[in-house]
Amino acid sequence: MKTAVIYARYSSDSQTEQSIDGQLRVCTEYAKNNDILILNTYIDRAMTGTNDNRPDFQRMIKDSSRKEWNYVLVYKFDRFSRNKYETAMHKKTLKDNGVKVISATEFVPETPEGIILESMIEGYAEYYSAELSQKIRRGNNESRRKGNLTGGKLPYGYKNVDKKAVVIPEQAKVIRYIYERYSIGVFVKDIIAELASKGIMYNGKKFLPNTVYTILRNERYSGIYHFNGEVFDNIYPQIVDTTLFEQVRDKISLNKYGKRSDEITYLLKDKIKCGYCGKSIVGDNGTSRQGERKYYYKCRGRKQKLNDCHKQAIRKDILENIVLESVIEQIQKTNNLDYIVNCLMQEQQRQAQANVVLNLLLKEQRTTENAINNIMTAIENGGTTNTAMKRMRELEARQAELERQILIEKSKTAVQLTEAQIKDFYLQALALEPKLLISYLVKQIVLFDDRIEIQFNSPIMESPDSRGFLLCEKSIKLAYKVPHRAEITKLEFQIELYV
């Protein structure tokens with residue numbers, strides 16, 4: 001008796017589970033009428049036929065190598081595949097395993113003409129699929145030009161009413177509040193705390209940093225929507241004033257290190273390591289379904305399969321913004337800034353007192369002056385030899401050169417920075433060059449899935465040891481909870497001082 005398996009599939013566009021039932025019923029009736037015993041059934045739900053990336057399809061091809069059945073029975077050939085190249089490739093694999101594909105609704109005779117007919121049916125299926133996709137894209141573009149929605153999840157703040165995006169007033173107020181607070185320098189974590197204190201939630205839960213950053217970057221709130229290189233300004237009603245949106249976008253750009261460019265800079269890559277396996281955290285990237293490039297920090301041990309580390313990847317911009325905000329938050333605290341300024345003032349004074357080059361020059365100057373004085377004494381006592389006069393001219397020339405070099409060295413420490421100037425430098429760095437703060441102040445970052453530990457460097461301080469100083473480390477550990485992936489929420493921090 002001939003044996004077969006049934007393969008059924010429906011796409012994700014307009015078909016449902018009922019389509020599977022219909023395919024199975026027709027295939028079962030065909031098998032019964034043709035004395036074929038059905039041994040197994042393979043089903044792929046909501047899977048396109050334009051490629052072979054289908055779990056049960058791949059399992060069926062693999063199982064055919066056992067040569068336990070004679071046929072693969074499908075409702076129509078396009079259920080098997082809509083790609084002529086992949087169809088031919090997989091049919092060749094099945095044929096080598098003694099298996100033939102049969103359509104329950106499309107009769108193909110086992111003749112040379114049947115080969116041509118089957119090829120035409122498969123070609124038409126691929127043509128139909130491509131034409132349908134083209135029609136859908138064309139129809140969606142026309143819908144967008146008319147200001148209609150074409151599907152997909154709407155951003156926070158909008159709802160779908162008769163295929164039109166309509167503003168939800170309560171959520172629009174929250175969006176404008178987030179933009180206004182961020183534009184004046186309020187940290188995202190503080191914005192979240194303010195929203196929570198007002199009882200404002202996101203889908204019934206507390207706002208998360210990546211949710212807020214997504215809102216701050218979404219240009220739809222300014223009334224603009226980009227799709228496939230075309231700009232639409234008639235789909236999403238404007239919630240955020242254009243000037244405010246541009247101001248926030250510029251502010252985010254200042255803090256978003258390694259933004260998309262020809263060469264991506266991962267600001268933290270030389271300072272960060274995995275808290276689980278100890279390997280370094282390196283940059284990684286991928287492409288979303290919309291074709292947008294995404295950048296991440298990922299454990300090198302997991303990325304290169306050096307171990308079985310389970311550390312999850314974290315979005316680059318989210319992590320860098322949180323570290324930056326933590327650095328700025330700590331340095332803005334009066335005690336911390338005073339501590340840094342005090343240490344730098346002490347170091348400035350120490351360097352001025354311990355200028356080795358200047359001390360050597362001054363010592364040589366005194367020696368040279370003594371030598372000149374000795375020769376002058378000899379001359380006064382009647383010693384006027386040519387050798388003495390020659391040595392006198394050499395010492396006077398060296399004396400002039402020493403005076404020039406001493407003036408240069410003194411000028412290096414002549415301008416002493418005041419406490420106000422040092423504070424002003426850090427405050428300007430907060431606004432203009434926050435990258436410098438991370439580069440100079442952050443010593444190491446240890447990353448876990450549920451927390452981040454940030455260790456800060458402190459300035460050089462005086463010490464009574466033989467060197468005259470030692471490097472103190474002020475370690476500030478900031479703990480964060482990570483519910484999943486890049487959703488990071490700050491919980492608490494504690495300060496430890498090591499000397």
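The basis for the numbers below is simple: all heavy atoms, side chains too, and nothing from hydrogens, waters or symmetry mates.
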- Message: ring-ring contact (aromatic ring centres under 6.0 Å, His included), that's the test. Do Tyr42 and Tyr7 meet it? Break it down for me.
- Response: CA-CA 5 Å; Tyr42 298 87; Tyr7 177 73; 7.6 Å; no
How far apart are the closest heavy atoms of [X] and [Y], and which atoms are they?
| X | Y | answer |
| --- | --- | --- |
| Phe245 | Ser222 | CG-CB, 3.8 Å |
| Lys164 | Leu149 | C-CD1, 3.7 Å |
| Ile192 | Leu208 | CD1-C, 3.7 Å |
| Arg302 | Lys311 | NH1-O, 3.0 Å |
| Ile61 | Asn97 | O-ND2, 4.4 Å |
| Val186 | Asp190 | CG1-CB, 3.8 Å |

- Item | Flag side-chain contact, heavy atom, 4.5 Å: Ile272 against Leu319 | yes
- Within a strict 4.5 Å, meaning less than it, do heavy atoms of the Tyr158 and Gln171 side chains meet? no
Relative to each other, are the rings of [X] and [Y] parallel, tilted or perpendicular (30° and 60° limits)?
| X | Y | value |
| --- | --- | --- |
| Phe57 | His90 | perpendicular |
| Tyr179 | Tyr221 | perpendicular |
| Tyr276 | Phe448 | perpendicular |

- Using distance alone, with no hydrogens and no angle criterion, decide if Ser64 and Glu68 have a side-chain donor and acceptor under 3.5 Å apart. no
Under 3.5 Å: donor-acceptor pair, side chain of [X], backbone of [Y]:
| X | Y | answer |
| --- | --- | --- |
| Asp56 | Ile43 | yes |
| Asn70 | Thr3 | yes |
| Arg300 | Lys279 | no |

- Message: Applying salt bridge (charged side-chain N to carboxylate O under 4.0 Å, His left out) to Glu246 and Arg249, what does each step give before you reach the verdict?
- Response: CA-CA 5 Å; Glu246 294 294 338; Arg249 182 163 63 177; 2.8 Å; yes
- Query: Can you list the steps and then say if Asp284 with Lys303 is a salt bridge (charged side-chain N to carboxylate O under 4.0 Å, His left out)?
  - Reply: CA-CA 9 Å; Asp284 196 13; Lys303 180 180 180 180; 3.7 Å; yes
- Could you walk me through whether Tyr297 and Leu268 pass side chain to side chain contact (heavy atoms under 4.5 Å, CB included), step by step? CA-CA 9 Å; Tyr297 281 101; Leu268 309 176; 3.6 Å; yes
- Message: Working note: Val74 + Cys27, criterion side chain to side chain contact (heavy atoms under 4.5 Å, CB included); need CA distance, chi angles, decisive distance, verdict.
- Response: CA-CA 7 Å; Val74 295; Cys27 289; 5.5 Å; no
- Determine, for Asp317 against Arg315, whether the closest basic-nitrogen to carboxylate-oxygen distance falls under 4.0 angstrom. yes
